[in-house]
2 protein chains.
Amino acid sequence: MATTRRDPLTLEVVQLIGSVVARYYEEYDQAAAEHSLTGAQARVLGLLSLEPLPMRRIAQKLKCEPSNVTGIIDRLEGRGLVERRPDPDDRRVKVAAVTETGLTTAGLLRDSLDFAREPLADLSEEERRTLRDLLKRMLGDGSGIDGA
Amino acid sequence: MATTRRDPLTLEVVQLIGSVVARYYEEYDQAAAEHSLTGAQARVLGLLSLEPLPMRRIAQKLKCEPSNVTGIIDRLEGRGLVERRPDPDDRRVKVAAVTETGLTTAGLLRDSLDFAREPLADLSEEERRTLRDLLKRMLGDGSGIDGA
DNA sequence: TATTGTTATACTCTATAACTATA
DNA sequence: TATAGTTATAGAGTATAACAATA
């Protein structure tokens with residue numbers, strides 16, 4: 001394995017992935033900033049635009065402590081992008097959901113990101129298919145990243 | 001363009017790249033934490049392990065304000081991993097350089113990261129070559145995204 | 001006057017621990 | 001007793017503005 005890890009080709013791919021990661025983050029934060037959102041706020045808004053979630057679930061998705069979610073939701077709520085709703089089945093639970101404004105903002109954000117990722121358009125369909133398959137293999141059997 | 005951006009295959013690739021980015025960051029921060037370093041500290045230590053740099057240059061590499069570098073270097077210096085040296089040619093400049101201990105830590109960190117990226121070993125040499133070429137095309141000539 | 005690094009300030013994200021209100 | 005969310009606290013990264021030393 002060490003042999004495989006250290007060969008020049010592998011190192012080059014690793015470096016390229018590093019570049020992709022750097023650019024992804026840079027553009028993500030820039031897109032968020034254009035809507036006066038931090039990266040974390042944009043991520044949560046994106047999550048909630050798919051479905052409302054209890055505070056606890058948001059923390060799990062973000063892989064952070066639940067106490068942090070309070071502040072992030074506070075700030076999104078303060079700007080009218082998100083609201084807290086009671087859970088009828090368990091009065092301890094608060095469900096965060098995007099407002100109409102929040103949904104619009106999330107859509108704009110997604111568009112900005114799609115635009116930023118446009119470089120993929122330079123690849124032919126077959127190349128994109130190849131890239132997809134290689135990335136899938138690289139990520140393994142999907143034992144879970146975003147973990148649904 | 002919009003057609004290319006919106007087709008299911010492209011969206012799938014975009015999502016996969018998102019997963020790669022998420023895993024990369026997760027493992028990077030974890031490797032850093034194993035050496036009691038934050039992500040930013042690990043990044044700076046890695047940079048300085050290649051060559052000493054003036055404070056200003058570090059800020060440029062990190063794409064952050066120079067004032068932030070002061071604190072990061074303070075903390076690395078406080079742990080004996082980095083030291084500030086005067087620049088003989090310009091007495092305003094302070095050059096940050098890794099100590100011997102810092103160099104060792106940077107090496108261990110690099111090894112952890114290589115290990116974390118081992119999934120690449122599942123790909124054949126030809127596949128890695130293909131992946132390299134596709135990533136290169138995706139990243140373009142570095143002139144930017146907007147088709148600049 | 002311009003530049004380098006720093007300090008001071010404020011905000012956000014982060015983890016930990018203690019608290020509340022439910023269950 | 002256990003769980004969901006919050007609060008309190010502290011540390012770190014970030015940007016902005018003002019400052020000292022040097023150019």
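Residue numbers begin at 1 in each chain, while the letters A, B, ... track the order of the sequences. Since we're looking at a predicted model, the values are computed, not measured.
Rounded to whole angstrom, the span from the CG atom of A/D87 across to the C1' atom of D/dG5 amounts to 13 Å. The distance from atom CE of B/M55 to atom P of C/dT4 is 13 Å, rounded to the nearest whole Å. Whole-Å rounding puts the A/Y28 OH to C/dC13 P distance at 12 Å. In this structure, A/L37 atom CG and C/dC11 atom P are separated by 17 Å, rounded to whole Å. Atoms CG (A/D74) and P (C/dT12) sit 11 Å apart, rounded to a whole Å. In this structure, the OH atom of A/Y25 is 12 Å from the C1' atom of C/dC13, given to the nearest Å. Taking atom CG on A/D29 and atom C1' on C/dT12, their separation rounds to 12 Å, with Å as the unit.
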Subject >> Chi angles and distances behind the side chain to side chain contact (heavy atoms under 4.5 Å, CB included) call for B/R132, A/L16 >> reply: CA-CA 7 Å; B/R132 175 197 61 188; A/L16 284 168; 3.5 Å; yes
Check nucleotides 12-18 of chain D against the protein and report each pair of N or O atoms closer than 3.5 Å, with its distance, or say if there are none.
| residue | atom | partner | partner atom | Å |
| --- | --- | --- | --- | --- |
| D/dG13 | OP1 | B/T38 | OG1 | 2.6 |
| D/dG13 | OP2 | B/R75 | NE | 2.7 |
| D/dG13 | OP2 | B/R75 | NH2 | 2.5 |
| D/dA15 | OP2 | B/E65 | N | 2.8 |
| D/dA15 | OP2 | B/N68 | ND2 | 2.8 |
| D/dA15 | N7 | B/N68 | OD1 | 2.9 |
| D/dT16 | O4 | B/S67 | OG | 2.6 |

What does the list of N/O pairs under 3.5 Å between the protein and nucleotides 19-23 of chain D look like, with a distance for each?
| residue | atom | partner | partner atom | Å |
| --- | --- | --- | --- | --- |
| D/dA23 | OP1 | B/R91 | N | 2.9 |

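Taking OG1 from B/T105 and CZ from B/R110, the interatomic distance works out to 11.5 Å, rounded to the nearest 0.5 Å.
Here the side chain of B/S49 pairs no donor or acceptor atom with the backbone of B/L103 at under 3.5 angstrom.
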Subject >> Pairing string, 5' to 3', for DNA chain C - Watson-Crick or wobble contacts under 3.5 Å, brackets [ ] where pairs cross, | to another strand >> reply: |||||||||||||||||||||||
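Using a 4.0 Å cut-off between charged side-chain N and carboxylate O, B/E12 and A/R128 make no salt bridge.
In this structure, B/V98 is not a member of the same hydrophobic cluster as B/V95, with clusters built from ILVMFWY side-chain heavy atoms closer than 4.5 Å.
Judged by the 6.0 Å distance and 45° axis criteria, B/R23 is not positioned over the aromatic ring of B/Y28.
By the side chain to side chain contact (heavy atoms under 4.5 Å, CB included) test, B/S36 pairs with B/R79, sequence neighbours left out. Contacts of A/R85 classified as salt bridge (Lys or Arg N to Asp or Glu O under 4.0 Å), with partners at least two apart in sequence or in another chain: A/E83.
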Residues 51-64 of chain B side chain polar contacts: donor-acceptor under 3.5 Å, at least two apart:
| residue | atom | partner | partner atom | Å |
| --- | --- | --- | --- | --- |
| B/R57 | NH1 | B/Q60 | OE1 | 2.6 |

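Side-chain atoms of B/T130 and B/D133 form no donor-acceptor pair, as typed in the model, at a separation below 3.5 Å.
Note on B/R84: only backbone sugar-phosphate atoms sit closer than 4.0 angstrom, heavy atoms only; bases stay farther off.
Counting non-hydrogen atoms of neighbouring residues, nucleotides and ligands closer than 6.0 angstrom, the CD atom of A/E34 exceeds 12 such neighbours.
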